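Structure, as structure tokens:
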There are 2 protein chains.
Amino acid sequence: MIKDNRDAVFKALGDPTRRIILDELAERSEMTLFELTTRLIMKHNLSITRQGIAKHLAVLEEAGLVQSVRRGKYRMIRFNREPLRDLLKGWLD
Amino acid sequence: MIKDNRDAVFKALGDPTRRIILDELAERSEMTLFELTTRLIMKHNLSITRQGIAKHLAVLEEAGLVQSVRRGKYRMIRFNREPLRDLLKGWLD
DNA sequence: TTGACATGCAACTAATAAGTTGCATATAAT
DNA sequence: ATTATATGCAACTTATTAGTTGCATGTCAA
């Protein structure tokens, strides 16, 4: 059974940096924290540290929007769309 | 042409009190600020002042999620679902 | 026109959240 | 083993925002 924490999901989506992270994750199946960090800084011109991004990831993971596993030296991160499925139900349709 | 301020929309949805406001507005076609205030306080047990709610409404209106007109003594408020339509496009479907 | 009612505006406080710095730990490669 | 690489953790600072108080404005009814 899946915990429905709409609150955490909406909060997570409220930050623009986190939405860019999801945009990036939406493009490839999985990515390391390091890869993601360089992409955000280089491609999106964000001025943020790796630790800053790690905190955003913690928020996204808490909301269930991101899942991650440690693979050797790397932390592999992937987008979980499930919490988004019926998010706007009750207001739309 | 409609301005697409996803940023303001996501921010607006990030607060639980504002989501309750939308829930209430979703139930009837329009409501006065006064009506809304009493509903939030009585029905939802929120401890918040009228001014606090007015500020939330300003945020929602900025995001285009709410529209309001002054009718005589009252301010009539209604839910505008339009900004929600394709909000999750790019991530879902 | 006077009083009651509904709302608007602005300054302030308090809570939350974004982002940083500094250091520790774990794995890979040489 | 030792070094470089990738990440984890915690305390701190700063920015943002929720919420309040106090007063002003506008409208309706008597």
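Bear in mind the structure is a predicted one, so any value in this text is a computation, not a measurement. Letters go in sequence order (proteins before strands), and every chain restarts at 1.
A:Ile48 places its CD1 atom 10 Å from the C1' atom of C:dT20, with the value rounded to the nearest Å. The OH-P distance, from A:Tyr74 to C:dA28, rounds to 9 Å in whole Å. Counting to the nearest Å, the P atom of D:dG8 and the CG atom of A:Leu36 are 12 Å from each other. Nucleotide C:dT16 holds its P atom 16 Å from the CD atom of A:Glu62, rounded to whole Å. Atom pair A:Arg50:CZ and D:dG8:P shows a separation of 8 Å (rounding to whole Å applied). Atom-to-atom, CG of A:Leu60 to P of C:dA18 comes out at 10 Å; the value is rounded to the nearest Å. If you take CE of A:Met76 and C1' of D:dT7, they are 13 Å apart, rounded to a whole angstrom. For the pair A:Lys55 NZ and D:dC12 P, the interatomic distance rounds to 13 Å; values are reported in whole Å.
Nucleic acid contact class of A:Gly52 (heavy atoms, under 4.0 Å, all strands): base. Contacts of B:Arg71 with the nucleic acid, taken as non-hydrogen atoms under 4.0 Å apart, are absent. Using a 4.0 Å heavy-atom cutoff across all strands shown, A:Ser47 reaches sugar-phosphate atoms only and no base atom.
Using a 4.5 Å cut-off between side-chain heavy atoms of Ile, Leu, Val, Met, Phe, Trp and Tyr, with links allowed through other members, A:Val66 and A:Leu33 fall into the same hydrophobic cluster.
Using a 3.5 Å distance cut-off with no hydrogens or angles, the side chains of A:Arg75 and A:Ser68 do pair a donor with an acceptor.
The nucleotide whose nearest atom lies closest to any side-chain atom of B:Gln51 is, among D:dT20, C:dT20, D:dA6, D:dT20.
Contact between the side-chain N/O atoms of A:His56 and the OP1/OP2 oxygens of C:dG19 is found at a separation under 4.0 Å. Contact annotation: A:Lys11 side-chain N/O to C:dA17 OP1/OP2 distance is under 4.0 Å. Note on A:Arg75: every side-chain N or O is 4.0 Å or more away from OP1 and OP2 of C:dA26. Note on B:Arg18: a side-chain N or O is less than 4.0 Å away from OP1 or OP2 of D:dA18. The shortest distance between the side-chain N/O atoms of A:Thr49 and the OP1/OP2 oxygens of C:dT20 is below 4.0 Å.
Mapping A:Lys73 and A:Ile53 onto DNA chain C by nearest heavy atom places A:Ile53 closer to the 5' end of the strand.
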Is there a side-chain contact (heavy atoms from CB on, under 4.5 Å) between B:Leu13 and A:Trp91? Walk through the geometry before answering. CA-CA 12 Å; B:Leu13 295 177; A:Trp91 291 336; 3.7 Å; yes
Please walk me through it: do A:Arg19 and B:Asp7 pass side-chain contact (heavy atoms from CB on, under 4.5 Å)? CA-CA 9 Å; A:Arg19 290 197 304 277; B:Asp7 211 79; 2.6 Å; yes
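In this model, no side-chain donor or acceptor of A:Arg70 finds a partner on the base of D:dG8 within 3.5 Å.
Using a cut-off of 4.0 Å between Lys/Arg side-chain N and Asp/Glu carboxylate O, B:Lys11 and B:Glu62 are scored as not salt-bridged.
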